[in-house]
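Keep in mind that what you see is a predicted model, and the values were worked out from it rather than measured. Heavy atoms only: backbone and side chains are in, while hydrogens, waters and symmetry mates are out. Ligands are counted one by one from 1 in listed order, and the atoms in each one are counted from 1 as well.
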Amino acid sequence: MGIGAELKDSFGRKLTYLRVSVTDRCNYRCLYCMPPEGVKCIPHADILRYEEIKFLCGIFCEMGIEKFRFTGGEPLVRRGLVPFLKELHNELPQAKIALTTNASLLSDNAEALASSGISALNISLDTLNPERFKEITRIGTIDKVIEGIDAAVDAGIENIKINTVLIRGFNDKEIPAILKFAEERKIVLRLIEFMPLQDGIWHKNSFISGSEILSNMPCADGWREVKCSDKNRGPAQYYENDETGERIGIITAVSNHFCSRCNRLRLSALGNLRTCLFNPEETPLKDLVRNGDAEKLRAAIYDAVARKPRCWNDIRDGHIKMSGIGG
Ligand code: SAM
Ligand code: SF4
């Protein structure tokens, strides 16, 4: 296949979205994501350099990728990230560039991020309670995160979302308060069902579905699903409350997976391409990038995409390290 042929898998799904992990390192140790000692760090030399990521993004763009989301680990712990995002935007102005962060380092980066050309910012926040925040992150302080969120809002960053992982017995009672916090800042709140990943605290008793959460919310009968016409709305279903006017997004990654309309690929910090979060099969791209071999790179990418699994239920093996692959 030549330059520009779109990326379609064997089930007819068009791939338009690449999530890029820029580091496996993180300044937090969330209970569901990392062991207390953190992950075994990959040597710097093995991590894709910014120049290499840029080269790859250019190739993916030619192949029809429209949106790149930068994640990790914690992407803002990698030095030079924000200038890199700006450079990438200047080079690929047609692409949407987004960032996912724990917001701990956001206050110092918000102004620069606002002028970097990013089109969306996702912030992970599971609780507003200081003790619970310390408990879930093992390290973090909620004040620093709130400061970061407010700095992002004040800097005028557009399209900010808060993502909250639902954990029964931990934050399921706190969702109305988190929704109020988000709405006060005109931020969209999305609730994510807890996925069974490696190194985590996942247990079937800690899982709570999106629909159960809605039925526990105030004015529970008022929630109606709203159809969202935006083709970039992502995997969330949105609900609005007739009585309160509140709006909430739910990502039913577990109870009602969205594999049939999956448009994503993932690139790990090591430069390995994954076609599904739950599929351990990876296609190494780093050596091809370092050899500057665009033709072989394209061939490797098409080949990997052709083998993208139909659905994670078909292949799930439970050995996923979100921090390295990029959540
Ligand atoms: N450090 C950044 C952050 O926390 O936003 C980016 C990387 S983190 C791995 C990306 C997202 O994955 C976070 O929103 C986190 O809550 C989510 N995540 C990690 N483990 C998860 C799990 N078991 N189930 C659902 N979401 C999970
Ligand atoms: Fe770090 Fe994000 Fe994983 Fe928490 S979820 S340990 S902030 S990478």
Side-chain angles (χ1 to χ4, degrees), residues 19-42 68-78 81 98-106 109 113 120-127 132-142 144-145 148-149 152 160-168 170-172 178 187-204 206-210 213 234-236 249-255 257-258 264 266-269 274 277-278 312 316 318-327:
R19 296 171 74 94
V20 181
S21 173
V22 293
T23 179
D24 59 332
R25 300 176 192 212
C26 187
N27 53 348
Y28 285 179
R29 301 279 182 270
C30 296
L31 288 174
Y32 52 68
C33 178
M34 281 203 192
E37 68 279 12
V39 291
K40 190 165 159 279
C41 284
I42 306 170
F68 298 96
R69 174 171 298 282
F70 291 88
T71 177
E74 173 47 43
L76 288 173
V77 302
R78 180 158 174 185
L81 180 79
L99 178 69
T100 297
T101 175
N102 63 23
S104 60
L105 302 173
L106 197 49
N109 285 290
L113 259 182
L121 177 66
N122 285 1
I123 294 169
S124 308
L125 175 67
D126 299 330
T127 176
R132 278 203 291 273
F133 189 80
K134 176 77 79 192
E135 184 192 341
I136 194 88
T137 60
R138 291 198 181 97
I139 297 175
T141 38
I142 186 65
K144 194 71 196 137
V145 167
I149 294 172
I160 305 178
K161 296 190 186 79
I162 287 178
N163 288 334
T164 300
V165 177
L166 293 169
I167 306 173
R168 190 189 293 281
F170 176 75
N171 62 3
D172 50 329
I178 300 176
I187 294 177
V188 173
L189 174 65
R190 301 190 309 175
L191 307 175
I192 305 179
E193 287 181 349
F194 196 7
M195 295 187 283
L197 304 179
Q198 189 187 13
D199 285 339
I201 49 155
W202 193 93
H203 185 271
K204 62 180 173 13
S206 50
F207 175 80
I208 178 161
S209 69
I213 282 287
I250 299 197
I251 302 183
T252 54
V254 179
S255 69
H257 54 78
F258 30 80
R264 40 180 83 179
R266 291 168 195 267
L267 182 68
S268 75
R274 270 210 190 212
L277 179 59
F278 289 92
W312 67 271
R316 178 158 76 92
H319 293 288
I320 313 294
K321 266 197 196 316
M322 193 77 137
S323 54
I325 305 161

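- Short contacts between ligand 1 and S124, defined as distances under 4.0 Å to a heavy atom of the residue, involve ligand atoms 3 (C), 4 (O), 5 (O), 13 (C), 14 (O).
- Not close to ligand 2: G72, with no non-hydrogen atom less than 4.0 angstrom away.
- Numbered from 1 in the order shown, with element, the atoms of ligand 1 that lie under 4.0 Å from a heavy atom of G73 read 1 (N), 2 (C), 6 (C), 7 (C).
- On a distance-only criterion, C26 and ligand 1 share no N/O pair closer than 3.5 Å.
- Of the residues T100, V145, T71, I192, the one that meets the side chain to side chain contact (heavy atoms under 4.5 Å, CB included) test with S124 is T100.
- Minimum heavy-atom separation, M34 to Y28: SD-O, 4.0 Å.
- Residue contacts with ligand 2, taken as heavy atom pairs separated by less than 4.0 Å, involve C26 solely via side-chain atoms from C-beta onward.
- Closest heavy-atom contact between V165 and D126: N-OD1, 3.0 Å.
- Remark: ligand 1 and N163 share no N or O pair separated by less than 3.5 Å (distance only, no angle test).
- Atoms of ligand 1 found under 4.0 Å from any heavy atom of E193 (numbered from 1 in listed order, with element): 25 (C).
- Using modelled atom types, one finds no donor on one side chain facing an acceptor on the other under 3.5 Å when comparing S268 with R274.
- Per-residue contacts place F194 under 4.0 angstrom from the following atoms of ligand 1 (heavy atoms of the residue considered): 22 (C), 23 (N), 24 (N).
- Set against the non-hydrogen atoms of T100, the atoms of ligand 1 under 4.0 Å away are 5 (O), 6 (C).
- Under the 3.5 Å distance criterion, the side-chain polar atoms of T164 are matched with a main-chain donor or acceptor of L125.
- The distance criterion of under 3.5 Å between nitrogen or oxygen atoms is met by E74 with respect to ligand 1.
- Here N27 pairs with E74, V77, N102, S104, L105 under the side-chain contact (heavy atoms from CB on, under 4.5 Å) rule; sequence neighbours left out.
- Among all heavy-atom pairs drawn from D24 and A269, the shortest one is N-CB, 4.2 Å.
- Side-chain contact between R29 and P35 is absent, with no heavy atoms from C-beta onward closer than 4.5 Å.
- Within the listing of ligand 1, atoms 7 (C), 9 (C) sit less than 4.0 angstrom from a heavy atom of G72.
- When heavy-atom distances to ligand 1 are checked against a 4.0 Å cut-off, N122 has no atom that comes that close, whether in backbone or side chain.
- Under the side-chain contact (heavy atoms from CB on, under 4.5 Å) criterion, V188 pairs with K161, R190, Y238, sequence neighbours left out.
- Heavy-atom proximity to T71, at under 4.0 Å, picks out these atoms of ligand 1: 6 (C), 7 (C).
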